[in-house]
Amino acid sequence: MSIIREHTQATLSDAWRTIDIDALEEDSPVNFDTATLHQPQTEVSEADVRQLTAQVRQLLRGGDAEGALRGCLEAPVYEGPKGSGSSEGGGARDAALQTVIEVLQSIKASDMTPMLQRVYASPGGSECLDVLMKYLYKGMAATSSSSSSSGGSAPRTPTRMTPQQTGFSQMGPRPGAPSSESTGAAMSVLLSWHEKVVEVAGLGCIGRVMTDWRRV
Amino acid sequence: MAAPEVHHLFHNPIADHSFSADHKTLAIARDTTVELYSKVGNAFKLKDELKGHDKTVTSIDIAPNSGRIVSCSQDRNALVWEPTPQGYKPTLVLLRINRAATFVRWSPSETKFAVGSGDRLIAVCYFEEENDWWVSKHLKKPIRSTVTTLAWHPNSVLLAAGSTDAHARVFSSFIKGVDARPEPTAWGERLPFNTVCGEYMNNSAGWVHSVAFSPSGDALAYAAHDSSITVVYPSAPEQPPKAVISINTQLLPFMSLIWNGEAEIIAAGYDCEAFRFAGGIDGWQLSGTVEVKGRPGLGDQREESALNMFRQMDLKGKTKDDTQLKTVHQNTITMIRPYETSGDSVRTFTSTGVDGRIVIWTA
């Protein structure tokens, strides 16, 4: 082993490539609060959500599905300022999602498009449909990840990613046939709504769900 | 309306393009070189290649009066190409950045240019006579992420910048000895370097792809990745703006926008065609597309003969050839620029994109 060889092996190691240079730089993105990158968010208490849910249910019982839908979408429950996690805001947000899914399931397929068009044409309608799209994606994530537990209503905690729970859920073993049937039904409702929302609000709506920091 | 003039230069993306004031020279940023084209007959012919960067050239601008070309690249450098009888002579600019340079534009006075970078700053560059060198001052303060786009106010002091931190900002880039003291505007009265005159963000917070001042400089428009364009009307210095109008569209995001007078904005992007927005301080709305679809002589409307149908079925397994988009551009439009103007309004504008085409449109 020549000296030159040893020398190059010691100095040409690629360990320097793994140095996190952003951590060493004072004003790098890892060293500031990402709250400056989006509009300020307020926390909504669980009691408020329960009150809203009650109002929405009442509208739904009275046959005013459009009013119920609008009610949920105009007062969305966003993730709190503390960021992600299931801490305090998690329960309220899951309850809001359940309410939205209830409303969506109660609306007939033939009523979807006219209702969405009316909402879109009204002032602030574009934002309402953005919120609806957020709920659809969240609902899809919830139903697919909770398919191994008991239906969609269980309070969801962010579980560790395991191959069985992500990706193709059909590939993995299905533990409870009845529960997966109900999640399948919920999913088909969400998928048909997704199609209708894209028809009315366009692809821009999907883009906005992705750029927006205000997660439902 | 005249049909658009389409030139397919090559099968590579065009990062940026710029015409000289006499429209005789077209500069194109292609890979690591700047290509200069001139019009011969009805086509653009490659005339010169400016090689000086060793990474992708991200942006390019020709100063209309002096004819100087400035280019910037991911190699963290900007070069000023001075026209001489022997060809273009490059001068390196001291940008002092350690991330890619993303965007460059001459100020209307042509004594300065601004370079946006991934280093979360804007380098405002000016020529220092005593050192015979282009030097830069950094606009740094509230920028939290890569600067993607820049636009100059007509007074050459105010500079608008869009960034991936979802903000559009208006800065003062006043440099003593280079700029005359500007007239007070709605954006600000006293404007020392790095004064932040405005900072705007949409609710749905997408990356800002393009910014532009209106011809008077009294309004700012920006396009963001949430498929929106936003128009800001400032009221007075340090005061909240008179109006901030945001239009969320059903379309894909816009990459570039220009003003056509004070009452129209033309924007183009991922939908591969340009759209018009009309309005004013009371509101804006999408008013239509620039491109007229289904006009005769589009080229891809072939004769519907039985022979043709069976040939298509044999070759492709289907009767309709649907591999072509219905738009002139076959991929994302990344840059639109005014071409011929009369006063404040744009008579024709040019667009380039990922498909290697340059198209001259009637606005």
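By convention in this document, chain letters (A, B, ...) are assigned in the order of the sequence lines, proteins followed by strands, and residues within each chain are numbered from 1.
Per-residue counts of heavy-atom pairs under 4.5 Å with chain A were compared for B:A205, B:P253, B:S228, B:P142; the largest is that of B:A205.
Using a 4.5 Å cut-off on side-chain heavy atoms (C-beta onward), B:Q250 and A:L203 make no contact. The shortest side-chain heavy-atom distance between A:D130 and B:N248 falls under the 4.5 Å cut-off.
In the displayed structure, A:Q51 atom CD is contacted under 6.0 Å by at most 12 heavy atoms of other residues, nucleotides or ligands. Residue A:Q58 qualifies as open at atom CD: its count of foreign heavy atoms under 6.0 Å is 12 or below. Summarising the local packing, CH2 of B:W284 is surrounded by more than 12 heavy atoms from other residues, nucleotides or ligands at distances under 6.0 Å.
Note: B:D226 CG to A:D212 CG = 8.0 Å, rounded to the nearest 0.5 Å. Taken from OG in B:S246 to CD in A:E127, the straight-line distance is 8.0 Å, to the nearest 0.5 Å. A distance of 9.5 Å separates CD1 in A:I206 from CG in B:L252, rounded to the nearest 0.5 Å.
Contact annotation for B:N202: only backbone heavy atoms (N, CA, C, O) come within less than 4.5 Å of a heavy atom of chain A. In this structure, the portion of B:H167 lying under 4.5 Å from any heavy atom of chain A is its side chain and not its backbone. Contacts between A:V200 and chain B at a heavy-atom distance below 4.5 Å involve the backbone alone (N, CA, C, O).
The backbone N or O of B:T249 lies less than 3.5 Å from a partner atom in the side chain of A:R208, making a donor-acceptor pair.
Nearest heavy atoms, A:G204 versus B:S227: CA-OG, 3.3 Å.
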